[in-house]
Protein chains: 2
Amino acid sequence: MITSPLFLKFIRSAPDVKEEEVTMILDHFTILQVKAKDHTVREGEICKHIGFVNKGCFSYYTLSESGRKSIIHFAFEDWWTGDLQSFLKRQPATTYWQALEEAELITINRSDFEHLCKISQAFKYLFDLKTQTAYIKILNKSAKDKSETAEEKYLRMLEEYPQIIQRVPHYDVASYLGIAPESLSRIRNKISK
Amino acid sequence: MITSPLFLKFIRSAPDVKEEEVTMILDHFTILQVKAKDHTVREGEICKHIGFVNKGCFSYYTLSESGRKSIIHFAFEDWWTGDLQSFLKRQPATTYWQALEEAELITINRSDFEHLCKISQAFKYLFDLKTQTAYIKILNKSAKDKSETAEEKYLRMLEEYPQIIQRVPHYDVASYLGIAPESLSRIRNKISK
DNA sequence: GGCAGTCATTGACATTTGTTAAGAAGTGGT
DNA sequence: ACCACTTCTTAACAAATGTCAATGACTGCC
């Protein structure tokens with residue numbers, strides 16, 4: 001039985017959800033311990049489960065043809081992990097998901113997910129809302145990424161996710177910002193003065 | 001009564017949808033003619049309706065504090081328009097939506113939308129799927145935008161949306177690519193050789 | 001037809017960022 | 001404690017992009 005307060009809070013945030021339904025939802029999930037640097041999804045594989053980050057943090061990225069890593073985003077506590085396209089459509093994944101620290105995921109597999117969506121209005125609601133919110137967020141981010149300089153992006157990141165620079169290797173932060181690690185160093189140096 | 005083949009095709013793409021339900025869905029929509037350069041949404045306003053682009057094309061963008069325009073994307077035939085966050089949450093919009101050509105929208109207002117989602121499983125399904133697909137698309141795009149040069153982004157845009165460069169002012173294309181109009185000119189000049 | 005305004009292009013120059021290489025600092029394993 | 005390895009930083013130079021200014025093409029209006 002899942003007891004994570006973080007996850008419980010998330011489930012109970014659905015409108016008018018009864019404890020009976022909460023319990024039923026929880027029953028569909030499993031705890032998964034992930035070691036630092038392990039991948040939970042790799043390109044080409046079918047993503048078998050999505051997971052709620054109860055502890056730790058993940059990066060998700062793509063590799064270009066030339067082998068260049070491009071970090072799309074990080075997932076900290078309270079976020080979901082997994083290649084959505086691969087999970088939902090049972091297609092090969094196009095992204096990698098890697099734990100940057102020892103982590104704990106609260107996971108659900110594809111068939112349990114489908115079943116749960118059918119029997120729980122609350123869970124379906126939460127999932128669709130999460131997708132909607134994430135979509136709106138990345139649209140806004142996309143606009144800012146186009147108009148800001150690297151330094152402005154870095155400062156905005158510090159405001160929005162001050163934990164990133166502490167918990168994530170700087171070369172991954174640089175990739176997330178779309179710049180070279182050396183450029184990030186320069187920017188940090190300039191700011192510290 | 002809406003007769004647009006494009007819109008009908010979209011509605012009928014829902015699984016197991018009967019003609020009765022299709023008719024009911026259509027009844028919730030209204031045709032809106034939009035003149036070139038008119039805005040359907042402005043920052044600060046509540047977005048009253050979302051619209052299916054039956055004809056024409058739109059740009060949607062944000063204005064930074066310094067007044068700088070930043071094009072998030074374009075919407076051609078078969079896309080939806082409207083500030084989703086504003087529409088769904090009844091909050092002031094953060095984006096502008098502008099017709100770049102004379103256009104025709106098939107629109108629905110907020111309360112009809114809510115009603116329709118409740119009475120039509122098919123419509124709710126189509127809307128959530130559209131959001132999901134758009135989300136996945138922009139995630140993939142976000143990754144590429146970070147790792148590609150401006151020239152690569154321009155070439156990719158030409159492959160994915162060859163119509164853009166014909167139908168949209170180049171300074172808007174440049175903004176969409178996140179570069180200065182002069183840089184776009186240079187890239188086009190270089191490629192044409 | 002002429003005029004004003006907008007848009008795309010070009011060139012010169014400044015600024016930013018990438019690349020390459022080197023070294024310093026930190027980390028983990030034995 | 002030592003070594004190997006990774007990460008971060010710095011410097012010098014190259015490449016890409018932004019900025020500013022000027023020009024020509026085009027459009028719509030009177």
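In the text below, chain A, chain B and the rest are named by the order of the sequence lines, each starting its count at 1.
A perpendicular orientation is assigned to the rings of B:Tyr61 and B:His39, their planes being inclined by more than 60° (bins at 30° and 60°). Between A:His73 and A:Trp79, the angle of the ring planes lies from 30° to 60°, which puts this pair in the tilted group.
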Below 3.5 Å, can you tabulate the donor-acceptor pairs from side chains in residues 17-24 of chain B to any protein atom, sequence neighbours excluded?
| unit_1 | atom_1 | unit_2 | atom_2 | d |
| --- | --- | --- | --- | --- |
| B:Glu19 | OE1 | B:Arg12 | NH2 | 3.2 |
| B:Glu19 | OE2 | B:Arg12 | NE | 2.8 |
| B:Glu21 | OE2 | B:Ser120 | OG | 2.7 |
| B:Glu21 | OE2 | B:Ala122 | N | 3.2 |
| B:Thr23 | OG1 | B:Glu19 | O | 2.9 |

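For D:dT9, the OP1/OP2 oxygens have a side-chain nitrogen or oxygen of A:Arg188 closer than 4.0 Å. Within the 4.0 Å cut-off from OP1 or OP2 of D:dT10, at least one side-chain nitrogen or oxygen of A:Asn189 is found. At the phosphate of D:dT9, OP1 or OP2 sits under 4.0 Å from a side-chain N or O atom of A:Ser185.
In this structure, the side chain of A:Thr107 engages the main chain of A:Thr30 through a donor-acceptor pair within 3.5 Å. Checking side-chain atoms of A:Asp38 against main-chain N and O of A:Ala99 turns up no donor-acceptor pair under 3.5 Å.
One atom, CD of B:Glu182, and another, P of D:dC20, lie 10 Å apart when rounded to the nearest Å.
For the contact set between residues 152-181 of chain B and DNA chain C, defined by any heavy atom under 4.0 Å, the members are B:Pro169, B:His170, B:Tyr171.
Taken from CD1 in A:Ile136 to CD1 in B:Ile138, the straight-line distance is 11.5 Å, to the nearest 0.5 Å.
By the 4.5 Å heavy-atom criterion applied to side chains, B:Phe76 and B:Val53 are not counted as neighbours. Using a 4.5 Å heavy-atom threshold, the side chains of B:Ile31 and B:Ile106 count as touching.
Taking a heavy-atom distance under 4.0 Å as the criterion, the stretch of DNA chain C touched by chain B extends 5' to 3' from C:dC7 to C:dA12.
Helix bend of the helix from C:dG1-D:dC30 to C:dT30-D:dA1: the angle between its two end axes, each built from five pairs, comes to 50° after rounding to 10°.
Within 6.0 Å of the CD atom in B:Gln91, the count of heavy atoms belonging to other residues, nucleotides or ligands exceeds 12. Applying the 6.0 Å contact sphere to NZ of A:Lys137 captures no more than 12 heavy atoms from other residues, nucleotides or ligands.
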For nucleotides 26-30 of chain D, which of its nitrogen or oxygen atoms have a protein nitrogen or oxygen under 3.5 Å away, and what is each distance?
none

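Among residue pairs with one or both ends in residues 3-26 of chain A, those qualifying as ring-ring contact (aromatic ring centres under 6.0 Å, His included) are A:Phe7-A:Phe29, A:Phe7-A:Phe52, A:Phe10-A:Phe52, A:Phe10-A:Trp80; sequence neighbours excluded.
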Would A:Arg188 and A:Ile165 count as a side-chain contact (heavy atoms from CB on, under 4.5 Å) if you check the C-alpha gap in whole Å, the side-chain angles of each, and the deciding distance to 0.1 Å?
CA-CA 11 Å; A:Arg188 284 169 50 75; A:Ile165 203 70; 3.5 Å; yes

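Taking the six-membered ring for Trp and the full ring otherwise, A:Tyr161 and A:Phe74 have centroids separated by 6.0 Å or more.
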